[in-house]
Amino acid sequence: MRLSKLVGKRIKETPKDAQTTSHIFLVRGGYVRQVSTGIYTLLPLAKRIKSKVEAIIRKEMNSIDGQEILMPVVLPGELWEESGRLQRVGPELLQFSDRNKKNMILGMTHEEAVVHAVRSDVNSYKQLPVMLYQIQTKYRDEARPRAGLIRVREFTMKDAYSFHTTQDCLNTYYQQVHEAYDKIFKQIGLKNVVSIQSDPGMMGGNTSHEFMAIADCGEDTIFMSPDGDYKANKDIAQSLLKHEYEEALPMEKVHTPGKKTIDEVAEFLNVPTSKTGKAVFYVDADDTVVFVVIRGDIEVNEVKLKNCLNIEEIQFATDEQIRQIGCVPGYASTLNINFEKVRVVFDLSAANEPNLIVGANEEDYHYKNFNFSRDMASASENIEIIDLAVVKEGDPCPVTGQPLILKRGIEIGNIFQLGTKYSKSMGCTFLDQHGKSQHMIMGCYGIGVGRIIASVIEQSNDKYGPVWPFSIAPYHVHICAVDSKKTEVKLAAEDLYSKFLDEKTEVIYDDRSEKPGSMFNDADLIGVPLRIIISPKTLKRNEVEFKTRDGSRKEFIVLEDTVEFIKREIDKFRV
RNA sequence: CGGGGCGUAGCGCAGUCUGGCAGCGCGGCUGCUUUGGGAGCAGUAGGUCGCAGGUUCGAAUCCUGCCGCCCCGACCA
């Protein structure tokens, strides 16, 4: 490729819309052009990188017996009605009417579509297990796209779906996919990817992992133990709180006039907030009140709450709703309430901490020395005790007890065990050895291609631009012809370029008569791993200069040996 | 969806408060000089000042409405 013809111009100034490293370099390097919020055209350089990423993914998916298919972007709404997700997903799902007023959607994920294909094509245990995958455009009507390719509305995703006769078979295959993902990210050249336990969210199912590219600009928060043995998304991370042993003291009513919040009560009674029990009230979609008690210094993790209670929507309760279950807002506790009207949940912290301050369910009064095991014993059948705590950096790791470390990550892939959620709702069955109809057991597995490109830049760059790993670099060799108005430079550069083309080397050639500084800066923005510089200076000695983009090597090579030399360098990357 | 910011040449911006010739730098094109980390000189092209309406002799500038984009938050397979 001649740089003079390459579409996607490099720019010197940082565009004002770009804030994160990857976004800045994608724009400055002429890789992408924004069309609308969260919608981008990939220009030639980015398209080449994307194709290489896809080839690596495709190879590994094929190696675990994946069969590539292509499902439609536009799907009939009725297919999503079958699974029940049409109503559940919300405004992220873009819907519209076709000319016959039929409700259509743009696919944001393809469980429904793949089940539609499999249920009519796979009927026997003899055909199972099977995995189908595609690399295709997804559309999600994101509320707030951001940071270039990191959160977009339209993007390319590899999505794979496996179908099994038994849970054991799914477990084994899930592990295989996990290993395939590790290989993919390693081949792509991502330096720091971790797989963590995650919340399955709207996908449903139980077991799931996210693959996070560690990067400061990442949107996801991860907690890890110092040794890396424990790692989890903040939504499900746990911590091991220590509770100092104390003798349970007799409960004592105290006057706390006008002190409603935890901070006010703790200050008034001169105790740390960790010695208080906080009452937090939610209502679910049916207006059932959920009464959560948690230690005053800890926040309620609403993702955990939703998962543990198996409900999809929660909101804070109003004061009126709190009063309806017999509690006094600001002075609420679980003492003397009617458990029939309310679902009571204690966080482990509040259940285990001795001698807490809690509300008295009476205006301007609290109780001292509440002890869950003693004071709630009579109601224990009506109370759930679960972990609902928001984990903070430095909290003790649940496995090792060491302080947890907080990291930020970009979610570049995920794997889910779906179970029979979709096969049951959509009637995806097979006949087993006994001729009996069974629901298939499913897994699904995604990789975001655009996010990988952005993540690679985030993890591999210097102040001049991206440093592409060889495996996904847009080209392998970049020729800079310095002072190319001089005939000897022009001839040598053109000759070298055509020889590289003959060898099918992926080469980009800066054939412009720019100043060296412009050429080098552009070359850095393009980030090609191997660089050849030809100039009057080097040609005087019948040499060219060889440099690597990462700055690790710089040497001079006899002009005639250049093509062979580069071939050997490229071969090194291929082992 | 809430909060904040921005919209003027391809890009970055000034001009808006206080209404009166549409400007600067970079980039583009032509020519000459220059060639190892974003050169110099000369010439030249490029504008619906986001859109619509209003006020005014006169609007990029004031008023009203709308649209778009960025950031923070909520949300997020």
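To find a chain, count down the sequence lines: A is the first, B the second, and so on, and within it residues start at 1. Everything numeric in this text was worked out from a predicted model, so none of it was measured.
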Under 4.0 angstrom, heavy atoms only, what part of the nucleic acid is A:Tyr445 near: base, sugar-phosphate, or nothing?
nothing

The nucleotide from B:G36, B:C75, B:G37 with an atom nearest the side chain of A:Ala143 is B:C75

Please classify the nucleic acid contact of A:Thr20 as base, sugar-phosphate, or nothing, using heavy-atom distances under 4.0 Å.
nothing

Can you find a donor-acceptor pair, distance only, under 3.5 Å between A:Arg28 side chain and B:G38 base?
yes

Determine the contact category for A:Gln19: base if any of its heavy atoms lies under 4.0 Å from a base atom, sugar-phosphate if only primed atoms, P, OP1 or OP2 are that close, otherwise nothing.
sugar-phosphate

Ring centroid separation for A:Tyr181 and A:His209, is it under 6.0 angstrom?
no

Ring centers of A:Trp468, A:Tyr31 separated by less than 6.0 Å:
yes

Which word best sums up how the rings of A:Tyr445 and A:Tyr174 line up, parallel for under 30°, tilted for 30 to 60°, or perpendicular for over 60°?
tilted

Taking the C1' atom of each, how far is B:U33 from B:A22, in whole Å?
33 Å

Under the 6.0 Å and 45° cation-pi test, does A:Arg541 pair with A:Phe556?
yes

Please measure how far the C1' atom in B:C75 lies from the corresponding atom in B:C29, and state the result in whole Å.
49 Å

For B:C69, take OP1 and OP2 only and decide whether either is under 4.0 Å from a side-chain N or O of A:Ser36.
yes

Between P on B:C76 and CE on A:Met212, what's the gap in Å once rounded to a whole number?
14 Å

With a 4.0 Å cut-off on N to O distance, would you call A:Glu488 and A:Lys490 a salt bridge?
no

Heavy atoms only, 4.0 Å cut-off, all strands: where does A:Lys16 land among base, sugar-phosphate and nothing?
sugar-phosphate

Using 30° and 60° as the class limits, which term best fits the ring planes of A:His164 and A:Tyr173: parallel, tilted or perpendicular?
tilted

Phosphate oxygens OP1/OP2 of B:G36: is one of them under 4.0 Å from a side-chain N or O of A:Ser535?
no

Between B:G54 and B:G46 - P atom distance, rounded Å:
31 Å

Just the rounded figure in Å: distance from C1' of B:A39 to CG of A:Asp483.
13 Å

Tell me: NZ of A:Lys490 to C1' of B:U35, nearest whole Å?
14 Å

A:Pro145 vs A:Asp220, nearer the 5' end of RNA chain B by closest nucleotide:
A:Pro145

Counting side-chain heavy atoms from CB outward, which of B:G37, B:G38, B:U34 is closest to A:Ser518?
B:G38

Quick one: look up who B:C17 pairs with, Watson-Crick or G-U, both distances under 3.5 Å, and put none if it's unpaired.
none

Pairwise P distance for B:U64 and B:C69, with rounding to whole Å
24 Å

Could you work out the separation of B:G10 and B:G19 based on their P atoms and round it to a whole Å?
29 Å

How would you label the contact of A:Lys485 with the nucleic acid (heavy atoms, under 4.0 Å): base, sugar-phosphate, or nothing?
base

Once hydrogens and angles are ignored, does a donor-acceptor distance under 3.5 Å link the base of B:G36 to the side chain of A:Glu545?
yes

Base, sugar-phosphate alone, or nothing: which one does A:Asp17 contact when heavy atoms must sit under 4.0 Å apart?
sugar-phosphate

How is A:Asn414 classified with respect to the nucleic acid when contacts are heavy atoms under 4.0 Å: base, sugar-phosphate, or nothing?
base

Choosing from B:G36, B:A74, B:G37, which nucleotide comes nearest the side chain of A:Arg531?
B:G37

Taking OP1 and OP2 of B:G73, is either one under 4.0 Å from a side-chain nitrogen or oxygen of A:Arg144?
yes

Does A:Arg151 make a side-chain donor-acceptor contact with the base of B:C76, cut-off 3.5 Å?
yes

Residue-phosphate contact under 4.0 Å: A:Gln34 side-chain N/O, B:G68 OP1/OP2:
no

Where the side chain of A:Pro15 is concerned, which of B:G12, B:G36, B:G37 is the nearest nucleotide?
B:G12

Mind checking who B:G58 pairs with, Watson-Crick or G-U wobble, both distances under 3.5 Å?
none

Rounded distance in Å between the C1' positions of B:C24 and B:U34
26 Å

Base, sugar-phosphate or nothing for A:Lys547? Non-hydrogen atoms, less than 4.0 Å.
base

Are A:Thr37 and B:G68 close enough that a side-chain N or O sits under 4.0 Å from OP1 or OP2?
no

Within the structure shown, what part of the strands sits under 4.0 Å from A:Met157 by heavy-atom distance: base, sugar-phosphate, or nothing?
base

When all nucleic acid strands are considered with a 4.0 Å heavy-atom cut-off, which category describes A:Ala147: base, sugar-phosphate, or nothing?
sugar-phosphate

Base paired to B:C41 (Watson-Crick or G-U; both N/O distances under 3.5 angstrom)
B:G31

Short N-O contact, A:Glu82 and A:Arg119, less than 4.0 angstrom:
yes

The residue, A:Leu525 or A:Gly38, whose nearest nucleotide of RNA chain B is more 5′ is A:Leu525

Going by purine N1 to pyrimidine N3 plus the second Watson-Crick contact, or the G-U wobble pair, all under 3.5 Å, which nucleotide sits opposite B:G68?
B:C6

B:G31 to B:C49 separation - C1' atoms, rounded to the nearest Å:
33 Å

A:Ile11 has a side chain; which of B:U35, B:C11, B:G37 sits nearest to it?
B:C11

Give none if B:C1 has no partner; otherwise give the nucleotide forming a Watson-Crick or G-U wobble pair with it, both distances under 3.5 Å.
B:G73

Using ring centroids (six-membered ring only for Trp), state whether A:Tyr161 and A:Tyr133 fall under 6.0 Å.
no

